[in-house]
Amino acid sequence: MTTRLTRPQQVERNRTLLLDAARRTFLARGYAGATIDAIAEEAGFSKGVVYSQFAGKADLFLTLLEQRIVDRAAENGRLVAEHSGPDALRSLLRTSARRSRHGSDWGRLLIEFRLVAAHDPELNARYRVLHDRTIDLFAETVTAALARDGLAPAYPARTFAQLVLALDTGVVLERAADPDALPLELAEHVLARLVAPG
């Protein structure tokens, strides 16, 4: 016997299916190449169903990004709960490197989106809210991990987080041209220099 979904359950199921389809479409086609038609087709819905849930392509992307921020922050929190000080930084770096190696398409997709948003002040403002959240969460995580060993970032925590994220973005771009560029050991060495006694 099949159980019929309630209206709210159906709406939530459709939203999940649309976000999954949007993720696949963005990764396959890039931000510019992804269309609402393609996302709807990938999900097996009409465009009307997409627009009943999301304002458009940017809204879909930002929702995916927000989910990713929450997931990453939770994973980072688990990592630093198991490590402290420089060991926590190394663990975060290695996990980030693994994510980048296996999910480099997402890194390039995010860079593409950021370039599009940079030309649209309203979209850029929406993106900045999420980016600020990423920076703040990462700064809090790293500061707590370092403090357990009596250490602190050599720069203000937020600046430190921005430097780490900028390095990560740079690595994505460099590895698009040369997959072996900037080995992990180099990144670990650079980050170790950004930490000082508390």
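Computed from a predicted model, the values in this text were never measured in an experiment. Any value given below was found using the heavy atoms of this structure, including those in side chains, with hydrogens, waters and symmetry copies removed.
- Each of V11 and V49 belongs to its own hydrophobic cluster when Ile, Leu, Val, Met, Phe, Trp and Tyr are linked at side-chain heavy-atom distances under 4.5 angstrom.
- For E82, the CD atom sits in a packed shell: over 12 heavy atoms of surrounding residues, nucleotides or ligands are nearer than 6.0 Å.
- A heavy-atom distance below 4.5 Å is not found between the side chains of F138 and I69.
- Not counting sequence neighbours, E174 has no partner by the side chain to side chain donor-acceptor pair (under 3.5 Å) test.
- Remark: the backbone N or O of D59 is paired with a side-chain donor or acceptor of T63 at under 3.5 angstrom.
- Judged purely by atom type and a 3.5 angstrom limit, K47 has no side-chain atom pairing as donor or acceptor with the backbone of I36.
- The minimum heavy-atom distance linking L146 with A152 is given by the pair CD1-C, 3.9 Å.
- Checking side-chain atoms of E66 against main-chain N and O of L130 turns up no donor-acceptor pair under 3.5 Å.
- Taking the six-membered ring for Trp and thresholds of 30 and 60 degrees, F61 and F26 have ring planes more than 60 degrees apart, a perpendicular arrangement.
- The side chain to side chain donor-acceptor pair (under 3.5 Å) search around R158 returns D132, D136, not counting sequence neighbours.
- Counting heavy atoms from C-beta outward, F113 and L123 have side chains that approach closer than 4.5 Å.
- Looking only at distances, a side-chain donor or acceptor of R148 sits under 3.5 Å from a matching main-chain atom of H83.
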Test side chain to side chain contact (heavy atoms under 4.5 Å, CB included) on L79 and T141; report intermediate values, then the result.
CA-CA 10 Å; L79 282 172; T141 300; over 6 Å; no
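- Within 6.0 Å of the CD atom in E41, the count of heavy atoms belonging to other residues, nucleotides or ligands does not exceed 12.
- Counting heavy atoms from C-beta on, the side chains of R114 and L110 come closer than 4.5 Å.
- The other residues sharing a hydrophobic cluster with L165 are I135, where clustering joins ILVMFWY side chains under 4.5 Å apart.
- Checking side-chain atoms of E42 against main-chain N and O of A21 turns up no donor-acceptor pair under 3.5 Å.
- The local environment of CZ in R13 is crowded, with over 12 non-hydrogen atoms from other residues, nucleotides or ligands closer than 6.0 Å.
- For the pair L137 and R72, the minimum side-chain heavy-atom distance is 4.5 Å or more.
- With respect to D71 and R68, no salt bridge is recorded, no charged nitrogen being found less than 4.0 Å from a carboxylate O.
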